[in-house]
Amino acid sequence: MDAFEDENPFEIEAERIHSDTSSSTRVTLSEPASPPSRPSRVLSSPPQSPPSRRPTFPSQGSHRQPQVYKTDFCCVRDQWLHSGEDVEILISDALKTSVNSTSPYIAYVIRAGNAEAHHRYSEFESLRSNLIKLYPTLIIPPIPSKQTIGDYAAKQAKAKEDAAMIARRKRMLQTFLNRIARHPILSNEHVFHRFLDGEVSWSEVLHSPPISLLPKNTLKAPSHNPTDQNASAAYAALPNPSTAHPLRRPDQRFLDSETFTNKFAAHLSGPMEKVTRRTMKRWSDVAQDHAELGATLNGFSLNESGQLSTAVEKTGQAIDTTYMSTTRLLQEFEQDWAEPLHEYSQFASIIKKLLIYRHQKQAQYEMTQDQLETKREQLEELEKSEREAQRLEEALNQGRVSNLSTSRIRTEENVNGNGNLESQDDSNGADAPQPEPSVYLPPHPGPNPVRRRAPGMGFLNALSYTLHGMMDVDPETARRNSISKTRETISQLEDALRLSAQDLKYSSSTIQADLDRFQRQKNLAAWEEAKAEIAKIPDHPNQVPHDGTNGKAPGNRRDSTATINGR
C-alpha cells in the first residue's frame with residue numbers, strides 16, 4: 001500500500017477537511033479523502049505550513065506543539081479549560097460515602113476551577129472506556145490498574161480502604177484528567193466537561209447522546225465520528241477482520257512503530273518492572289525490620305535504668321529515624337519511578353491496541369477490494385452466459401422461422417401437384433365403405449424387471465423430486481435474478497470501498513499525528529525538568545563576572561580564568 005501523506009489533523013483547520021459523498025468504482029488512496037470532524041469539536045487554528053513527511057514513532061521530538069485557538073465554547077468548563085491560562089485539575093480528597101449505593105465506596109473529590117465533582121473509580125473507568133469508543137484513533141491516557149485478586153485476598157475487607165492505594169489512585173487519576181485537559185482534541189469533548197461538572201449526574205450522561213449512540217463494533221462505524229447514525233447502513237457491508245489478518249501491502253511506518261512498541265513494552269513489563277518490584281519489596285522489608293527493632297528497643301529501655309536505659313532508648317530512636325527515612329525513600333521511589341514506569345507500560349499497551357485498530361482498518365479495506373473483484377468476475381461470467389443464451393435463442397428462433405417457411409412451401413407444392421388425384425379419389429370413393437375410426441390403446445407395461453437399488457435411494461429420489469419442484473427450474477430467470485443481485489452487491493461494495501479508504505487514510509494520519517504529539521510531549525517534559533535542574537546549579541567561584549572589569553576580579557585580584565583566556 002502506498003505511504004499515506006495526509007495532513008496532520010492536529011495542525012489543520014476543520015473546514016479544510018471534506019468528504020466525497022459520490023459513489024466511485026475506483027478509489028485512489030493518494031487523493032485527500034479525510035472525513036470531516038464532528039461539528040461540536042471544531043477548532044480554529046492559524047494557517048500552517050504545508051505538511052512534510054512525518055517520521056515514524058518514536059520521532060525526534062523536534063516538532064513544536066501547535067497552539068490551538070478557540071472562540072466558541074460549549075459550556076463553562078470548556079471556557080475554563082481554554083482560557084489560555086495554565087489550568088490544572090486537582091483531586092483534593094478521597095471520601096468514604098454510600099450515596100446512591102447500598103454499600104460504601106471511595107469517592108474522589110475533583111476540583112476544576114470553581115467546580116467540584118465527586119466520582120468513584122468505576123466512573124473514571126467508564127469515562128475512559130467511552131472516550132476510547134468516541135475516539136478510536138487517539139491515545140487515551142491510562143488510569144491506575146484495578147487491584148489484583150491477591151491484594152483482596154491479603155487485605156480482604158480493608159482492601160478498598162488501603163491508604164497507600166487510595167493515595168496512589170489520587171495521583172494517577174489526577175494525571176489522567178490533566179492529560180485529557182491538555183490534549184488538543186480530547187479537551188473539547190463535552191462528555192469530559194460534564195464529568196468535571198458536579199451538577200450533572202454521570203448516569204444521565206452515560207444514557208444520553210453521544211454515548212448512547214455508540215455502535216457495538218467500532219470497525220462498522222466511521223473513524224472520525226462513530227456516533228453517525230446515517231452511516232451505519234453504509235458501513236454494514238464492510239467485513240469484520242481479525243487482528244491477525246495478514247496484509248498484502250503493509251505500511252512500513254506502522255510496522256516500525258509496532259516493532260518499537262513491542263520491544264518497549266517487553267522491556268518495561270519484563271526486566272524493569274521485575275527489578276522495581278524486587279527493589280521495593282526489599283526496601284519495604286528493611287523498613288519493617290527497623291520498625292520492629294525500634295519498637296523492641298524502646299520497650300527494652302523501659303525495663304532498664306541508668307545509662308543503659310538511656311543508651312538503649314537513643315538507639316531505638318535512631319532506628320526509628322532510619323525507618324521513617326526508608327519509608328520516605330520508598331514513597332519517593334514509588335511516585336517518581338515505579339508509577340511513571342507502570343504508566344508508560346500502560347501507554348505501550350494502549351499504542352499496541354491503536355496500531356491493531358489501524359491494522360484491522362487496512363485489512364478491512366483489502367478484504368473489501370477482494371470481495372469487489374470477486375463479484376465483478378462473477379458478474380462478468382453471468383453476463384457472458386446471458387449473451388451466449390441470447391445468441392443461442394436468436395439462432396433457434398431463426399431456425400424455427402426457416403423450418404416453418406420450408407414446411408409451408410412443401411405443403412403448397414403437395415396440394416398443387418396432387419389436386420387431380422385427390423379429386424379422383426373423392427369421386428371414386430363416394431360409394432366405398434368408410435373405415436371405422438381406430439381407437440389407440442397403450443400396451444400393458446407388464447411386470448417390471450427386478451432392479452437392485454441401494455438402501456435409501458427411494459427416499460433420496462423422492463426428496464430430490466420434491467426439492468426440484470420447490471425450486472425455480474427456469475435457468476434464464478435464475479440467471480437474470482443473479483445478475484441484478486450481483487450488480488446491486490457491487491454497487492454496495494463500491495460505496496463500502498470508498499468509505500473504507502477514507503477511514504484508512506483518516507486513521508493512519510490521526511494515529512501517526514497523536515504518536516508524534518505523545519512523543520513530543522514526553523521529550524518536552526523531560527527537557528523542561530532537566531532545564532529546571534540546570535538552572536539550580538550555583539555559579540562556579542571562578543566564573544568571570546559580568547561587571548565590565550574584563551576578567552579582573554574585585555580588589556585588584558586577577559581571576560584564574562584570565563590566564564586561560566589569554567587576558
Side-chain angles (χ1 to χ4, degrees), residues 77 81 88-97 101 105-112 116-152 159-183 185-187 189-198 200 202-203 205-206 211 214 218 261 264-265 268-269 273 276 334-354 356-357 514 517-518 521-522 525:
R77 295 301 103 213
L81 288 172
E88 185 177 5
I89 302 173
L90 301 175
I91 295 184
S92 58
D93 202 357
L95 306 175
K96 185 177 180 180
T97 180
S101 177
Y105 60 90
I106 301 298
Y108 299 92
V109 181
I110 305 171
R111 295 189 180 275
E116 180 178 302
H118 295 71
H119 290 289
R120 58 193 302 177
Y121 174 82
S122 60
E123 293 174 344
F124 281 90
E125 194 175 22
S126 64
L127 170 64
R128 185 179 182 276
S129 63
N130 284 291
L131 287 178
I132 292 175
K133 297 177 182 177
L134 286 170
Y135 300 93
T137 59
L138 297 182
I139 301 175
I140 308 300
I143 61 174
S145 304
K146 289 183 177 180
Q147 285 189 317
T148 62
I149 298 178
D151 295 334
Y152 277 103
K160 294 184 178 181
E161 302 178 12
D162 183 14
M165 182 270 294
I166 293 174
R168 181 170 59 254
R169 282 189 173 180
K170 283 175 57 179
R171 292 190 299 269
M172 299 188 71
L173 291 175
Q174 178 174 308
T175 302
F176 163 72
L177 294 177
N178 283 287
R179 285 185 183 274
I180 297 178
R182 295 183 177 94
H183 195 281
I185 294 179
L186 297 177
S187 60
E189 176 55 55
H190 190 53
V191 172
F192 175 61
H193 303 157
R194 299 179 76 183
F195 186 83
L196 301 177
D197 193 348
V200 180
W202 183 243
S203 176
V205 175
L206 294 177
I211 295 179
L214 285 171
T218 54
T261 305
F264 183 72
L268 286 182
S269 60
E273 280 196 347
T276 300
E334 182 180 9
Q335 296 180 25
D336 299 336
W337 175 256
E339 288 178 7
L341 185 67
H342 179 66
E343 187 180 27
Y344 278 105
S345 177
Q346 290 178 301
F347 267 117
S349 300
I350 293 170
I351 293 173
K352 287 169 63 176
K353 293 179 181 179
L354 209 61
I356 288 175
Y357 173 81
D514 212 21
R517 182 202 62 83
F518 172 73
Q521 185 182 29
K522 182 177 71 171

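This is a predicted model, so every value here is computed, not measured.
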(message) As an exercise, state the distance from CZ of R77 to NE2 of H190, rounded to the nearest 0.5 Å.
(response) 11.5 Å
(message) Rounded at 0.5 Å granularity, tell me how far CG in L177 sits from CG in L127.
(response) 7.5 Å
(request) Go through the steps for S92 and E116 under the test side chain to side chain contact (heavy atoms under 4.5 Å, CB included), then give the verdict. (result) CA-CA 10 Å; S92 58; E116 180 178 302; 5.7 Å; no
(message) Taking the ring centre of each residue, are Y121 and Y105 less than 6.0 Å apart?
(response) no
(request) Identify the two heavy atoms, one from F264 and one from Y344, that lie closest to each other, and give their separation to 0.1 Å. (result) CE2-O, 3.8 Å
(request) Please determine which of K170, E339, E343 meets the side chain to side chain contact (heavy atoms under 4.5 Å, CB included) test together with T175. (result) E343
(request) In sequence, state the C-alpha distance, the side-chain angles, and the governing distance for D514 and T137, and then conclude on side chain to side chain contact (heavy atoms under 4.5 Å, CB included). (result) CA-CA 8 Å; D514 212 21; T137 59; over 6 Å; no
(request) Please round to the nearest 0.5 Å and tell me the distance separating atom CD1 of I110 and atom CG of L173. (result) 8.0 Å
(request) Please work out which of the three classes, parallel, tilted or perpendicular, describes the rings of F518 and F347, given edges at 30° and 60°. (result) tilted
(message) One pair to check against side chain to side chain contact (heavy atoms under 4.5 Å, CB included): I166 and I106. What are the steps and the verdict?
(response) CA-CA 8 Å; I166 293 174; I106 301 298; 4.1 Å; yes
(request) Take R194 and D197, measure what salt bridge (charged side-chain N to carboxylate O under 4.0 Å, His left out) needs, and give me the verdict at the end. (result) CA-CA 5 Å; R194 299 179 76 183; D197 193 348; over 6 Å; no
(request) List the steps and the verdict of side chain to side chain contact (heavy atoms under 4.5 Å, CB included) for W337 and T276. (result) CA-CA 9 Å; W337 175 256; T276 300; 3.1 Å; yes
(request) Could you pull out the closest heavy-atom pair between A181 and L81, with the gap in Å? (result) CB-CD2, 3.8 Å
(message) To the nearest 0.5 Å, what is the distance between CD1 on I139 and CD1 on I351?
(response) 4.5 Å
(request) Output the distance between atom CZ (R111) and atom CD (Q174), rounded to the nearest 0.5 Å. (result) 12.0 Å
(request) Please identify each residue that fulfils side chain to side chain contact (heavy atoms under 4.5 Å, CB included) with L95, with sequence neighbours left out. (result) D93, V109, H118
(message) Please check this pair: side chain of E123 against backbone of R120, looking for a donor-acceptor N/O pair closer than 3.5 Å.
(response) yes
(request) Can you measure from CD1 (I140) to NE2 (H183) and round to the nearest 0.5 angstrom? (result) 6.5 Å
(request) Keeping the roles fixed (side chain from E273, backbone from H342), state whether a donor-acceptor pair exists under 3.5 Å. (result) no
(request) State whether the side chain of R169 and the backbone N or O of A94 hold a donor-acceptor pair below 3.5 Å, judged by distance alone. (result) no
(request) Check L206 against I211 and note the closest heavy-atom contact, atom names and distance. (result) O-CG2, 3.5 Å
